[in-house]
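The chains referred to below are lettered A, B, ... by the order of the sequence lines, with proteins before strands, and numbering in each begins at 1.
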Amino acid sequence: MKEVPRRIYYLFSPFLRIFHWVMVACILTLFVTGLFITKPVGLLATDPTSTMLTMDMIRSIHFLAAFIFCAVFILRIYGFIVNKGDRLFPRVWEGHFYSETIEVALHYMLLKPSHAPFLRNPLARMSYAGLYAMVFVEILTGFAMYFPTNMNSIGGTIFSWVNIALGGEFMTHLVHHYVAWFIIVFVIGHVYMVVRADFMEGEGEASSMISGIKILEHVPKDVNEIESRE
Amino acid sequence: MKHVVVDPVTRIEGHLRVEVQVDEASGKVQDAISSGTAWRGLELVMNDRDPRDAWAYIQRICGVCTTAHALASLRAVEDALGITIPKNAHYIRSIMAASQTIQDHVIHFYHLHALDWVSPLEALKADPIATAHLQSVVLQNYKLPFTGPAKIDTEAYPKEFPQAAPEYFDTFKKKIQAIVESGQLGIFAAQWWDHPDYQLLPPEVHLLAVTHYLEMLDKQREIVIPHVILGGKNPHPHYMVGGMPCSISLDDGNAPLNTARLNIVDRAINTTRSLVNNFYLPDVLAIGALYVQKGYVDGGGLSKERVLGFGDYPDEPFSGASDGSYFKNQLIRCNGVVENFGKGVAQAVYTELKSEDITSPEVLTEGVEHAWYEYPGHKSDESLHPWDGITSAKFAGPKEGTETDWKALNEQGKYSWLKTPKWRGKLCEVGPLARYIIIYTKAKKGVLGEPTWAEKMILDQIDAVSKVLKLQPEVWMPTMVGRTAVRALEAQVNSEMSRYFFDKLIANIKSGDTKVANTDKWDPKTWPKEAKGVGLYEAPRGALSHWIVIKNGKTANYQAIVPTTWNACPRDDKAGHGAYEQAMMDTKVKIPDKPLEIVKVVRSFDPCMACATH
Amino acid sequence: MDKRESMWDVYLRKGISRRSFLKGCAALTAMMGLSTDMLSEVVEAAEAKPLPVVIWLHGHECTGCDESFLRSASPLASDVVLNNIDLEYSHVLSAGSGEPFEAHLEETIQKYAGQYILAVEGAVSTKDNGIYCMTGGKPFVQTLQRVAKGAAAVIAYGTCATSGGIQAANPNPTGSSGISHFIGDKPLVNVPGCPPIPEVMTGVIMHVALFGKLPPLDGDGRPKQFYGNRIHDTCYRRPFFDAGLFAESYDDKGSKAGWCLYKLGCRGPETYNSCGNMRWYQGMSYPIQSGAPCIGCSNAHFWDEAPFSKRLPEYGPLGDIDKIGAGLAVATGVGVVAHGALSTIQKKKRQEAEQAEHDEKQVKK
Ligand code: HEM
Ligand code: HEM
Ligand code: NFV
Ligand code: SF4
Ligand code: SF4
Ligand code: F3S
Ligand SMILES: [Mg+2]
């Protein structure tokens, strides 16, 4: 049709990208095993002499995924330190953040044909911050359920306050379980948004989490957040 | 006229205040107030709960008659949903009911009531040798030989038998002595030990009773061992709607109930029987006989005029009380009202209580004229049937003093957290005494028909005690002593009841039936959109009824009318005084400043205020 | 203060030999879950410390906690009440009543100021100035505050006292709550359970009697000895949980075989109590062993964590969170597809508009 001049922006460090995909695997694993923990199905168990410890196994997978997930967070943090592109989180202290959010929201409500170009639009930024908050809740509540097997352990000492703060460990289970569902709802929306952005703007959104780059036609409004321009 | 207040009345369950107007010259009580001073609102807590959980919540009405409310609640829910529980579950629940009643009665006599009759200080005057002799005499004269039809008897000989050795009583005397000398009386502090009534019994009776007080403090726990096996714990054992959770299997070592576990239940039933037959019943009769001999046949109050019962121990599972099946094969058919028993059996009137009466909006009702509640949209003296019952608190201050510092309650206005339950607009006394009066009257009037084994036992007991006391039942039964004595008789019947249902349980398992739960209606999807149910139960303190309205799978209204509510209720402007108030007014007070007689007659009801107000 | 005796004094006075005294101590040591090398410490504590004076108050309660206390077998309730503590005030066991009894309370508070243990059973009702729980003509909350002032320490017995219990369950008609906010800054031991296990109740008070100090507590004020484990972590049915062997409904094959009750709603996985290890009646049973799922009766707000037959609460016809969540996920999916379709149209329009603009520009040129 027409040639549009585009510019490549380097956004995501390899650390973030590896983290992202490990996170994807972990969260899906955690969610599925988590549901089985609440509502076990008599999968392999037939009699007590069977050595297939179904629940034990499912829980172990859950905990393994949980620990891997926590471990790869180091990559995310490292990326945050070394690469500006990894820092695109909401800047709520900057006034334009709100007007821009409204603008983007209007676009997604299909009331505006397009929104200003961003490396990462403020709404997406909010959703990722939200996801991290939810994941943080899962980690807190998860460990608060995991460690008290030995109350006197370091983990038990560090995390037992969560159960008290929530009004009892039953609430911890509920919060952990409810938030899990909200994470899944995020995931559906997120994957759609990524695909949609790609389709709508054609800026290489989807591939960015593999390649680390986005290709934009217009100069994004938040470009100064990854490049210092005099 | 002297205004005497006792608040708190102790050695009861809960918060009770009584006030009496005593004529100092004659010692006569002119007016009496009984007030339940705490209310928790548990009927309101029930709203919107899952009816399958109702038993757990409402059981917390009381941890003394701990299982009573759970059972009544289960019956109400099962009545509403049309569930008949399996045989095994019915037998198991009956064993639990009987052991509960006995344990409650034993605790009541020794630990709540005994110190009104005997004193540790008097015990110190006793001669241990004479006490040992007395023990033998008591066992000889006051043991009642009655048993039920149970065939299984696994016990070689009674393992719990009172000691009649001087050294034994000497040990206890020394123990009491040491406590008294230490100057720290602990639980024995601050009683009117110098009251002349403590002189009525010889010191040896005091030593014997106080010794057994201490013995039973350690022993009572074994009576409810069946709860621990069958319901997992006591107080507040666990149940389920539709049967029992304790599955039976003779193939599984891990089964909640198998031979080994049943043997623990059996052992506890044997122990209980011994405790009742060798300690409780002889002790009560010995003390009671001495009191009666000295002319103490007062404190009867309302029991002379009107008593009420629902009957209990259906022999086999039933489908409910609303449809009348609950009344069909009871082992103790005290379902009805006896009026004017105090005037003699000939003049007494028996009115049967049928299923139509239970569901009729007129027969069983509660009023709130003098209670700290209101019925919005109704007249102040209106009474409501519990299915339409309302629990809406409306506190009003006392007559003298402030809302938070009472001097005298307002008998003209509202003064208690108990509602006023009525049968056909009249007040009734309930309890073991009521049950016995009804069975006895029915038998004498020839309306009982062929007595069941339990009823026959009751009639034999009444006969035997009348011989011991050399008084007619209508004289000794409706009295303070009678109320306390009948409770012990009832414990004996219940200890046979446990054995009877244990036999049935074993026979049924033997026949190959191990079912304990009917789960056909477990899923709320199988329930009607709206259903009403009632659960009747003869609790340790008397006739108990739970009423539930279920809408869309949730509890829409829950009402309980509790034995102590019947007995301790505030007055009704038309119907007069409740049982506590009447009993107090039927009692003489020697020293108004030391109203021992008042607390004693009130305690003869075994007050349970948490039950009463809930 | 003059006449207070140590447990050893009591034993001497009662003519009990040192050997049987030591035997008693050994039994206590075992019962409190302490290793026997603690025995010398137990003996020392028992020999030196005077009998603690205990005042037991009742608020909004059902007396199930007293009853449980009386069920204790090691120590026996009689041994506790007559030999190891000096129980000066109790509405259930005390002989006295009315005015002299209330006067005795005041005397005790003064005589043992700063030294007595206050045991509280039941919740505190505060709504409408506390008139829903009156005793001695005064609101219980006032008595509690008055007696707590002079206490050395406070023991909250039962879930009612620790966190409000049944009467505090929704809608909490009397504004009831646990006692912690009404006892000032006094050291508090929380002994939850509805009721607590008998030997846990007596164990806490025996710890005070023997060691002269409160037992080590967790962050929730509960004695670690008795509340340090979840029932699920000590439950004898745990192997069945791990193996995935569950009772699917009451009285099924799994129930008879004693398999795990998780699917019937068991609250063991989040309940801290000694039911799994000590059990009731010295190891005889606990609800789970009798086939009944735990309802979590030692958890702070367990009454409002129902239905007990389900692991997840249900919201009427909507069902539980798994149903709602799945619905939400599907709805989001549908929303996403619809949004996608609309976006395609939007994109087309935009492109058309751009094209038109572009064409216009071309024309102008
Ligand atoms: C469990 C599923 C997933 C979760 C929890 C998740 C979470 C996240 C988070 C938190 C970010 C922000 C990264 C940061 O800046 O720290 C992100 C970005 C991204 N994700 Fe995912 N993601 C998931 C699945 C996917 C999938 C399946 C794709 C591929 C289609 C994808 C593609 C992307 C892309 C392209 C970005 C960058 C978007 C942008 O910068 O605006 N994600 N994801
Ligand atoms: C996105 C992250 C996670 C998701 C979606 C997730 C999901 C779930 C779900 C749905 C449950 C069942 C909850 C219940 O009803 O009891 C569960 C249980 C659990 N999760 Fe997670 N979880 C996540 C992270 C974690 C983490 C980081 C830990 C830390 C160790 C953890 C530990 C646990 C534990 C201990 C349980 C209870 C297991 C049991 O009761 O046997 N989870 N999880
Ligand atoms: N009143 C009463 Fe109960 C009994 N018995 C109840 O049903 O004691 Ni607490
Ligand atoms: S905690 Fe339970 S048993 Fe104890 S008083 Fe409260 S309701 Fe009763
Ligand atoms: S029965 Fe309850 S406590 Fe025991 S293992 Fe199963 S879930 Fe855990
Ligand atoms: S219900 Fe309570 S008694 Fe134990 S097993 Fe559960 S904590
Ligand atoms: Mg009621």
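Other residues, nucleotides and ligands place no more than 12 heavy atoms under 6.0 Å from the CD1 atom of A/I154. Counting heavy-atom neighbours within 6.0 Å of A/M209 CE, excluding the residue itself, gives a total above 12.
Of the two parts of A/L166, neither the backbone nor the side chain holds a non-hydrogen atom closer than 4.5 Å to a non-hydrogen atom of chain C. Contact annotation for C/D304: neither backbone nor side-chain heavy atoms come within less than 4.5 Å of a heavy atom of chain A. With a 4.5 angstrom heavy-atom cutoff, C/D322 touches chain A via backbone and side-chain atoms both. For A/M171, the parts sitting under 4.5 Å from any heavy atom of chain C are the backbone and the side chain alike. With a threshold of 4.5 angstrom between heavy atoms, C/A326 approaches chain A through its backbone and through its side chain. If you measure heavy-atom distances from C/N229 to chain A, the contacts under 4.5 Å come from the side chain alone. Contact of C/K349 with chain A is not made at all, since no heavy-atom distance falls under 4.5 Å. With a 4.5 Å cut-off on non-hydrogen atoms, A/N150 does not touch chain C at all. Proximity to chain C (any heavy atom under 4.5 Å) is restricted, for A/L174, to the side chain, taken from C-beta onward. For C/F302, no part lies under 4.5 angstrom from a heavy atom of chain A. Contact of A/F199 with chain C is made through backbone and side chain together, with heavy-atom distances under 4.5 Å.
Side-chain atoms of A/Y192 never come within 3.5 Å of backbone atoms of C/G333 as a donor-acceptor pair (strictly under, hydrogens ignored). Although no hydrogens or angles enter the test, the distance criterion places no donor-acceptor pair under 3.5 Å between the side chain of C/R311 and the main chain of A/T38. With C/R230 contributing its side chain and A/M145 its backbone, the two residues share a donor-acceptor pair below 3.5 Å. Proximity of a side-chain donor or acceptor of C/Q346 to a complementary backbone N or O of A/S114 within less than 3.5 Å is not detected.
Between chain C and the options A/G189, A/S160, A/G167, A/P148, the largest number of non-hydrogen pairs under 4.5 Å is found for A/P148. Of the listed residues (C/I345, C/T344, C/T271), the one with the most heavy-atom contacts under 4.5 Å to chain A is C/T344. Among C/V336, C/T332, C/L342, the residue making the largest number of heavy-atom pairs under 4.5 Å with chain A is C/V336. Counting heavy-atom pairs under 4.5 Å between each of C/A300, C/A353, C/A329, C/G335 and chain A puts C/A329 at the top.
Atoms NE2 and CD, from A/H173 and C/E305 in turn, are 10.5 Å apart once rounded to the nearest 0.5 Å. Atom NE2 in A/H177 sits 5.0 Å away from atom CG in C/L312 (nearest 0.5 Å). In this structure, C/S343 OG and A/M193 CE are separated by 8.5 Å, a value rounded to the nearest 0.5 Å. Here the CD1 atom belonging to A/I164 is positioned 6.0 Å from the CG atom belonging to C/D218, to the nearest 0.5 angstrom. Here C/R350 contributes atom CZ and A/H107 contributes atom NE2; the two are 6.5 Å apart, rounded to the nearest 0.5 Å. Distance CH2/A/W181 to CD1/C/I321: 8.0 Å, rounded to 0.5 Å.
Of the options A/I184, A/V185, A/I188, a side-chain contact (heavy atoms from CB on, under 4.5 Å) to C/L328 is made by A/V185 and by none of the others.
The two residues C/Y262 and A/I37 make their nearest non-hydrogen contact at OH-O, 2.9 Å.
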With side-chain contact (heavy atoms from CB on, under 4.5 Å) as the criterion, how do A/E169 and C/Y272 come out once you've worked through the C-alpha distance, each side chain's angles and the decisive distance to 0.1 Å? CA-CA 9 Å; A/E169 202 167 310; C/Y272 292 82; 2.4 Å; yes
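Legend: salt bridge (charged side-chain N to carboxylate O under 4.0 Å, His left out) pairs involving residues 146-156 of chain A, not counting sequence neighbours: none detected.
Ring pair C/H339/A/Y108 is tilted by interplanar angle, where 30° to 60° counts as tilted.
Interface residues of residues 157-166 of chain C toward chain A, defined by a heavy-atom distance below 4.5 Å: none.
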